[in-house]
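Below, chain A is the first sequence line, B the second, and so on; all start at residue 1.
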Protein chains: 2
Amino acid sequence: MRAEHEAGATTSGALRAHNRVRLLRAVHDCGASLTRSALTRDLGLARGTASVLVGELAESGLLHEEPAAEHGRGRPTQVPGPHPRGPIALAVDVREDAWEVAACELGGRATVVEVRPHDGTPEGALVPLGAALRARLERLAPRVVGTGVALAGPVRPGGLVDIAHLRWTSVDVPGLLALPGPLVVGNDTAFAGLAEARRGGLRGVAVGLHLHVDFDLGGTLIVDGRPLAGATGVGAEFGHMPLTGGDAPCMCGAYGCWGQEVGTNALLRHLGLAHGGGRGRDHAERLLSAATAGDEAAVRAVRSCAGALGRGVSALVNAHDPEAVTLSGFGVDLHRLALPELMERFERGLMAIRRERPPRIVPSALGWRGSLIGAMESVFDAFLTVDAVDQWRRAHA
Amino acid sequence: MRAEHEAGATTSGALRAHNRVRLLRAVHDCGASLTRSALTRDLGLARGTASVLVGELAESGLLHEEPAAEHGRGRPTQVPGPHPRGPIALAVDVREDAWEVAACELGGRATVVEVRPHDGTPEGALVPLGAALRARLERLAPRVVGTGVALAGPVRPGGLVDIAHLRWTSVDVPGLLALPGPLVVGNDTAFAGLAEARRGGLRGVAVGLHLHVDFDLGGTLIVDGRPLAGATGVGAEFGHMPLTGGDAPCMCGAYGCWGQEVGTNALLRHLGLAHGGGRGRDHAERLLSAATAGDEAAVRAVRSCAGALGRGVSALVNAHDPEAVTLSGFGVDLHRLALPELMERFERGLMAIRRERPPRIVPSALGWRGSLIGAMESVFDAFLTVDAVDQWRRAHA
DNA sequence: CGATTATGCTCTAGCCGTGAACATAAGTCT
DNA sequence: AGACTTATGTTCACGGCTAGAGCATAATCG
């Protein structure tokens, strides 16, 4: 009836498949760092079972064992890691003026293989990207299990994307890319949150909040290691809640949005400078440098953004009670340059019962790479299922 | 690593237990309405497997089969339902001036067995309630699998409850009740949301939003059939986000809270009447009657609340993209009396991309009984697990 | 009243994981 | 250097599970 009832095996045949995926997932999640004996213990398997499973996975080209570097006392164990001809996820981060493609192995190692600037139009960005990806897919032939593409705007069902600051409306991303094979199109903020949940500051956290500051602000709630998707797939839009009391119309079509007060657009507006249209990242970076150096006007602008960030975070913490809050993008800089202002407004906006044990607010360890890593995780999430792994095994028998 | 990896059986022995719980869960969720053959199909089991499972469950007093009312063409099938000596959940709804106890069978049938007024103090309310529950537990002896208690305030770990309008602070509910056996203490709004997800307007919805209007306003996000819990268990606090632009201090310790603008406290304040302190429910009901009859001042107050409700809902819809929004408590009345005002501010606050297919906003079908039903569901959620069911079977061998 | 249809029951075949016994490969002690 | 200790990998018999086929059962339909 509900998804959870479907989970788990029902037949003894499905049991094997289920454990295969569990093992593969564990290898991926730990970054291929755990030894076989540790995995056997963690997953609660008998040594014999683990033996059979690893054997099968190695034979079908999904895993490859190498001797562990450090030895203890007994018989040395092996470390299962990605197979040299194993599955690959292509991850793409599309920014306002360039895109970046990475090839990622099971375990999470990502290698950037291509970076190219573009003109900011849907066709100018996505058609060459599609060609580059198709070329790479052909070269890597049957190894690629999917492509994940991160974009800086809401993604509707069918991969339709709107990016207000680039004037993209209902851009048909899958259509323009024209790729064979599985494709995941996602919001960069949601992907960054996913990355944070799997390999960043929200690892192991039951309920976490991730906020990404760029031109404006986005965010998602992370529950049990994955961002909440929303009914139509359009999550990560915390920036479009009216949390700071304004009522100015926003580019999104609503008004009073929190995202208007936090981000480089807001920074530049504070100083009376031109903003919007996807320009101004360099300008904003200079401004942050000025603030770091102590320039008074810049510092005031940064403090204002940090305060608005803190106020909004308090509201979201009141509502959702997360265990931790991570900040990425320019959020890292706001945290670094104006922590007192951020925390003052954060604490003032908390309910009394939240003040006792407020969540920690931490800058992301993944920096600007979160979106790319999240795109990878999203592809592997689709692959690390009973159906997809079985399909690979049939093809690589 | 994450919860989902733990789900499902890993050994063949656990397979049987897993399928037992799946079957029991399916019977409960459908309200004991499905026939055995329908269940067999829905769960994807073989007829032989279902035969064994139902037999075991009947023998251990968990299920009881009765002939199906309607016959088709072939051999008539049976309907598995609650066993006459089967598990019972006690559900309690504690209101500001009275509490109510219901005994609930597997399948969801709830029978109110006791209602008693109280004086509004923690001891005055909870000590007699504890005595009443202990008496009932003793009478029903080994059948009660747990007690669920709904309260109108945030619940912290350990069952500590704060109810601002009753001046309850850090009330130790489990301590005052002093019950043997499992106890679930929960927020009434979260419970109402759970009920809505299982047996109301959010049934089968992947992402839904439930809002409960009483003195003020609470709400939860429903994901995959369950309300988001929050890290410390304190969810359902959407009322304490600043979504309507105010900045007045709130009883919760924060300021500008949405809940100050929606609810009976807000209604009475609009008319310059005394409010707060848990008094005024009768007054508010008279006021709603007056608005229904067309009294102008009352209508204005209701419209203002409905507008503030709509504005907040738009913000939450922007952020979370739910498939449906349900309203319970006085939210039903606001929906009935001032739908245009509600919808106008709702639609104005939506992002453009949300306007295409906005979620439906529907009044709850469960009315004021949601909290009680949710408390029951919460108890059965704890029981319908491999461990708890196995324990019952060992005791009832 | 026999044919049809859907369901329940029983039994065998095939698969899976456990756990014990054995094999292996190190470190460690004398 | 050689024997002992320790931890891990491998193999295999065993018990348990579900699927599926075949048969029994009980209703409706013509």
Using modelled atom types and a 3.5 Å cut-off, is there a donor and acceptor pairing between side-chain atoms of B:Arg198 and backbone atoms of B:Gly225? yes

Determine yes or no for a side-chain-to-main-chain donor-acceptor pair under 3.5 angstrom, with A:Thr40 supplying the side chain and A:Arg36 the backbone. yes

Would you mind reading off the distance between [X] atom [atom1] and [N] atom [atom2], rounded to a whole angstrom?
{"X": "A:Leu39", "N": "D:dA7", "atom1": "CG", "atom2": "C1'", "answer": "16 Å"}
{"X": "B:Arg41", "N": "C:dG8", "atom1": "CZ", "atom2": "C1'", "answer": "14 Å"}
{"X": "B:Arg22", "N": "D:dT18", "atom1": "CZ", "atom2": "C1'", "answer": "12 Å"}
{"X": "B:Arg36", "N": "D:dT25", "atom1": "CZ", "atom2": "P", "answer": "16 Å"}
{"X": "A:Gln78", "N": "C:dA25", "atom1": "CD", "atom2": "P", "answer": "11 Å"}

Quick check on C:dC9: is either OP1 or OP2 less than 4.0 Å from any side-chain nitrogen or oxygen of B:Ser51? yes

Do any side-chain nitrogens or oxygens of A:Thr77 fall under 4.0 Å of OP1 or OP2 in D:dT8? no

Can you list the residues that meet the salt bridge (charged side-chain N to carboxylate O under 4.0 Å, His left out) rule with A:Arg143, with sequence neighbours excluded? none

Can you give me the N/O atom pairs linking the protein to nucleotides 17-20 of chain C at distances under 3.5 Å, or say none if there are none?
| unit_1 | atom_1 | unit_2 | atom_2 | d |
| --- | --- | --- | --- | --- |
| C:dG17 | OP1 | A:Asn19 | ND2 | 3.1 |
| C:dG17 | OP2 | A:Arg16 | NE | 2.8 |
| C:dG17 | OP2 | A:Arg16 | NH2 | 2.9 |
| C:dT18 | OP2 | A:Ala46 | N | 3.1 |
| C:dT18 | OP2 | A:Thr49 | OG1 | 2.8 |

Could you tell me which non-hydrogen atom of A:Val184 sits nearest to which non-hydrogen atom of A:Phe191, and how far apart they are? CG1-CZ, 4.2 Å

By side chain to side chain donor-acceptor pair (under 3.5 Å), B:Thr326 pairs with (sequence neighbours left out) B:His210

Under 3.5 Å, sequence neighbours excluded: what are the donor-acceptor pairs made by side chains of residues 385-397 of chain A?
| unit_1 | atom_1 | unit_2 | atom_2 | d |
| --- | --- | --- | --- | --- |
| A:Thr385 | OG1 | A:Ala382 | O | 3.3 |
| A:Thr385 | OG1 | A:Ala388 | N | 3.3 |
| A:Asp390 | OD1 | A:Arg20 | NH2 | 3.3 |
| A:Trp392 | NE1 | A:Ser60 | O | 2.8 |

With rounding to the nearest 0.5 angstrom, report the CZ to CE distance, A:Arg369 to A:Met376. 9.0 Å

Identify each atom pair where a protein N or O and an N or O of nucleotides 26-30 of chain D are less than 3.5 Å apart, giving names and distance.
| unit_1 | atom_1 | unit_2 | atom_2 | d |
| --- | --- | --- | --- | --- |
| D:dA27 | N3 | B:Arg73 | O | 3.0 |
| D:dT28 | O4' | B:Arg73 | O | 3.3 |

Which atom pairs, donor and acceptor, lie under 3.5 Å between side-chain atoms of residues 76-90 of chain A and protein residues at least two apart or in another chain?
| unit_1 | atom_1 | unit_2 | atom_2 | d |
| --- | --- | --- | --- | --- |
| A:His83 | ND1 | A:Arg85 | N | 2.9 |

